Student: 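Pasting a structure below so you can have a look.
This is a predicted model, so every value here is computed, not measured.
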Amino acid sequence: MIRFDEARVVITGASGGVGSALTKGFAAAGAQVVACDMAGTNLSAPHIAERHFFDLRDKATVTESAMEILANGAPHVVVSNAGWTRQETLAMTTAAGIDDEMDCNFNGVALLTHALLPAMRTATGNRAFVFISSCNATSHFGNPVYSAAKAATMAWMRALAVEEAPNGIRSNAVAPASIRTGAWEHRLAANPTVLDKLQSIYPMGRIVTPEEVTNAVLFLASELASGITGTTLAVDAGLSAGNLPFLDAIR
């Protein structure tokens, strides 16, 4: 029921677990998928219409890539999905790491969306930003710099929603908790039972899939969500609804 026929949809982090699901989902809905990721990543899937390689941490390259994207037409939808973290705790956080993770998870995100925005104002029809945020933006689950960057991204999303609503542009976010992607491989290598331990934390007894996150993004980006802007949709298997381990402790 959700269609994006001929809509130009920009997706960052397009080669990863969630990114790949996003490109497939939008292509299946008829979109012209403009896939973006870092050099050396695999964007060879035939359903991808256009490819751009750049690093969100490189401000000059981000701006240049935005101009290259716009040269082929204004986007109708921008899905800001790219993100990265390896600093699990405050004790693991370094000064250089703060700069790196803020640049990747917020500064580059803001710069790219700001560069694409003027052209989107002049377009017509359904236009939307969707940001892949995180449950870390509102509660602490580790990765403190990443969490701070995602909270900043949520504020940026709300700014776009309020200031661009008169221009017909919507802005929303999806806030997943843990997603079963390749990003978990380094944790599984260190502790093969880590996902088993998470089962007792999530009310649904599992973490979510890239396809479940994609479905939420498709809805928020579509005309079915035409009256929704400035909101965040949790896709977290119930994690943000309450504390299941606490309930188990008092039974």
Student: Using only atom types and a distance under 3.5 Å, with no angle test, would you say the side chain of Asn172 pairs donor to acceptor with the backbone of Gly230?
Tutor: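 Confirmed, Asn172 side chain pairs with Gly230 backbone.
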Student: Compare every heavy atom of Ala173 with every heavy atom of Ser133, then report the nearest pair and how far apart it is.
Tutor: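 Nearest heavy atoms, Ser133 then Ala173: CB-CB, 4.4 Å.
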Student: Kindly indicate, with the supporting measurements, whether the criterion side chain to side chain contact (heavy atoms under 4.5 Å, CB included) is fulfilled by Asp37 and Thr12.
Tutor: CA-CA 6 Å; Asp37 214 319; Thr12 68; over 6 Å; no
Student: Donor-acceptor check, side chain of Ser171 to backbone of Met157, threshold 3.5 angstrom: yes or no?
Tutor: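 Side chain of Ser171 to backbone of Met157, a donor-acceptor pair under 3.5 Å: yes, one is there.
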Student: Pairs in or reaching into residues 208-236: which pass salt bridge (Lys or Arg N to Asp or Glu O under 4.0 Å), with residues at least two apart or in two chains?
Tutor: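 For residues 208-236: Arg206-Glu212.
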Student: Tell me if a side-chain donor or acceptor on Asn167 pairs with a main-chain N or O of Ile169 at a distance below 3.5 Å.
Tutor: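 No: the side chain of Asn167 does not pair with the backbone of Ile169.
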Student: For residues Gln87 and Thr93, is any side-chain donor paired with an opposing acceptor at under 3.5 Å?
Tutor: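 Checked: Gln87/Thr93 side chains show no N/O donor-acceptor pair below 3.5 Å.
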Student: Please evaluate residues Ile69 and Val10 with respect to the criterion side chain to side chain contact (heavy atoms under 4.5 Å, CB included), reporting the C-alpha separation (whole Å), side-chain torsions for both, the decisive distance (0.1 Å), and the verdict.
Tutor: CA-CA 8 Å; Ile69 291 168; Val10 175; 3.9 Å; yes
Student: I need the full list of salt bridge (Lys or Arg N to Asp or Glu O under 4.0 Å) pairs touching residues 59-72, with sequence neighbours left out, sorted by first then second residue.
Tutor: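 Sorted pair list: Lys59-Asp103.
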Student: Is it possible for you to say whether Val235 and Phe131 belong to one hydrophobic cluster, with membership spreading through side-chain heavy-atom contacts below 4.5 Å?
Tutor: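 Val235 does not cluster with Phe131.
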Student: Hydrophobic clusters here meaning ILVMFWY residues chained together by side-chain heavy-atom distances under 4.5 Å, can you tell me if Val145 and Leu56 are in one?
Tutor: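 Yes, one cluster joins them.
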Student: Which ring-ring contact (aromatic ring centres under 6.0 Å, His included) pairs, counting each pair once, include a residue from residues 216-251, with sequence neighbours left out?
Tutor: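 Listed by first then second residue: nothing to list.
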Student: May I have all residue pairs that pass salt bridge (Lys or Arg N to Asp or Glu O under 4.0 Å) and include part of residues 42-51, sequence neighbours excluded?
Tutor: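 Non-adjacent pairs meeting salt bridge (Lys or Arg N to Asp or Glu O under 4.0 Å): Arg8-Glu50.
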Student: Kindly give the heavy-atom pair with the smallest separation between Trp84 and Cys104, and that separation in Å.
Tutor: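 For Trp84 and Cys104, the tightest heavy-atom pair comes out as CB-SG, 3.7 Å.
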Student: Applying ring pair (Phe, Tyr, Trp, His ring centres under 6.0 Å), can you list everything that pairs with Phe129, at least two apart in sequence or on another chain?
Tutor: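 Applying ring pair (Phe, Tyr, Trp, His ring centres under 6.0 Å) to Phe129 gives none.
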Student: Does anything in residues 112-127 pair up under side chain to side chain donor-acceptor pair (under 3.5 Å), and if so which pairs, sequence neighbours excluded?
Tutor: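 For residues 112-127: Thr113-Trp156, Arg121-Glu164, Asn126-Arg170.
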Student: Side-chain heavy atoms under 4.5 angstrom apart, residues restricted to Ile, Leu, Val, Met, Phe, Trp, Tyr: same cluster for Ile132 and Ile228?
Tutor: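 Yes, because Ile132 and Ile228 connect within a single hydrophobic cluster, where side-chain heavy atoms sit under 4.5 Å apart.
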Student: After noting the C-alpha distance and the side-chain angles of Leu111 and Thr63, does the key distance pass the side chain to side chain contact (heavy atoms under 4.5 Å, CB included) rule?
Tutor: CA-CA 7 Å; Leu111 182 61; Thr63 301; 3.9 Å; yes
Student: Under a 3.5 Å distance rule, please check whether Ser20 uses its side chain to pair with a backbone N or O of Gly17 as donor and acceptor.
Tutor: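 Pair absent, no side-chain N/O of Ser20 close to backbone of Gly17.
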Student: Under the criterion side chain to side chain contact (heavy atoms under 4.5 Å, CB included), I'd like the reasoning laid out for Leu70 against Leu116: C-alpha separation, chi angles, the key distance, then a yes or no.
Tutor: CA-CA 7 Å; Leu70 293 175; Leu116 297 175; 3.8 Å; yes
Student: For residues Thr229 and Ala161, report the shortest heavy-atom separation together with the two atoms involved.
Tutor: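 Closest approach of Thr229 to Ala161: OG1-CB, 3.4 Å.
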Student: Taking Ser178's backbone N and O only, do any of them form a donor-acceptor pair with Tyr202's side chain (distance below 3.5 Å, no angle check)?
Tutor: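 Yes: the side chain of Tyr202 pairs with the backbone of Ser178.
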Student: Determine whether the side chains of Asn42 and Ser15 contain a donor N or O and an acceptor N or O closer than 3.5 Å.
Tutor: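 Their side chains do not contain a donor-acceptor pair, so the 3.5 Å distance test is not met.
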Student: If hydrophobic clusters are built from ILVMFWY residues whose side chains come within less than 4.5 Å, do Val130 and Phe106 share one?
Tutor: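 In one cluster with Val130: Phe106, no.
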Student: Just by modelled atom types, is the Glu101 backbone N or O under 3.5 Å from a matching donor or acceptor in the Asn105 side chain?
Tutor: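 Indeed, once roles are kept as given, a pair shorter than 3.5 Å links the two residues.
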